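Remember, it's 1-based here, ligands and their atoms both numbered in the order they're listed. Because the structure is a prediction, the values reported are computed rather than measured.
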Amino acid sequence: MKEVVFVAGSSGQIGTELVMKLREMYGVDNVIASDIKKSSDEVKQGGPFELLDVLDRDALFSIVKKYNVTQIYLLAALLSATAEQKVKGAWNLNMNGLFNVLDLAKEQHISKVYWPSSIAVFGPTTPKHNTPQRTIMEPNTVYGISKQTGERWCEYYNAKYGVDVRSLRYPGLIGYKSEPGGGTTDYAVHIFHEALEKGTYECFLKEDTELPMMYMPDGIKSTISLMEAPAEQIKIRSAYNLAAMSFTPKILAEEIKKHIPGFTITYKPDSRQQIADTWPGSIDDSEARKDWGWLPDYDLEKMTADMIKNISHP
Ligand code: SER
């Protein structure tokens, strides 16, 4: 069957890169990018693009029919820090956007759904190190509550209606092609730009705040591998733990100093510190490795070298 892929949220940090990869795989005309705002020129001019608010169920349905869409990647969401500022709006977008897409699959208009979860599903009572797939989950952020609830609904739609929905608990994602927006892990992207432009960075998290992170090429690889795996290999229909590396701002700064010896970092924790304090430091992703062969390509050293190379010579 010919696959036609629809990406909601294509202007975002993941969407920008995922659309490019999907267009390579499925052909430019078979990947429809969409966002509530205009996407980067590369995404928009590179193939079909639709302006869409995923909360507009009828408009979403019309686009699915217009292009005969078979798969949806639902990336439109508000991230952790923004969600704390826009509590009801974040809940509405993160939950009702998901329902609109899950319902399209339930009614058999599309055959496969990807929806991202996050390390934010964990909370202050979760074991912090090597956090298992199944453990205490008492998230206390709006974003975390929406991701945890979303996971439960994905599992429910799979079990009750046979919806082929797949999900990953992304760590903080680091890339040079697009800016993150409104997340707690964003420092790990900003630090590179400021290091190269100014030689110094003021970090909004404390120096010893360890968080799980991943380089974007691994983020894209994991997403595509999960979606391409045969359905019977996907044993977890809530969301898979996923890991590549873990570090603190201090450790990242030391690694950057190997490339930019004069680089300095200062620390001025803000409200995002409270969010970071509730998240794990490291993740056990053995189920993803076992079920569909997950293996990351990038560690801290390799990621840092590649970020600096690409930001310096775009
Ligand atoms: N990177 C996201 C955030 O910081 C977590 O999923 O909000």
Report the nearest protein non-hydrogen atom to atom 2 (C) of ligand 1: residue, atom name, distance rounded to 0.1 Å. T185 OG1, 4.0 Å

Report the nearest protein non-hydrogen atom to atom 4 (O) of ligand 1: residue, atom name, distance rounded to 0.1 Å. T184 N, 2.6 Å

Which atoms form the tightest heavy-atom contact between L93 and L55, and what is the distance? CA-CD2, 4.0 Å

Run the numbers for me: atoms of ligand 1, each under 4.0 Å from some heavy atom of [X], listed by number.
X	answer
L79	7 (O)
W279	3 (C), 4 (O), 5 (C), 7 (O)
S80	3 (C), 4 (O), 7 (O)
S118	5 (C), 6 (O)

Proximity of W292 and Y240 rings by center, below 6.0 Å: yes

Using 4.0 Å as the upper bound for N to carboxylate O, is an ion pair formed by D270 and K268? no

Going by an N to O cut-off under 4.0 Å, is there a salt bridge joining R272 and D186? no

Distance-only polar pair, side chains of S80 and T141, donor-acceptor under 3.5 Å: no

Indicate whether any N or O donor in one side chain lies under 3.5 Å from an N or O acceptor in the other, for S111 and T70. no

Polar contact flag for Y143 and ligand 1 (N/O pairs, less than 3.5 Å): yes

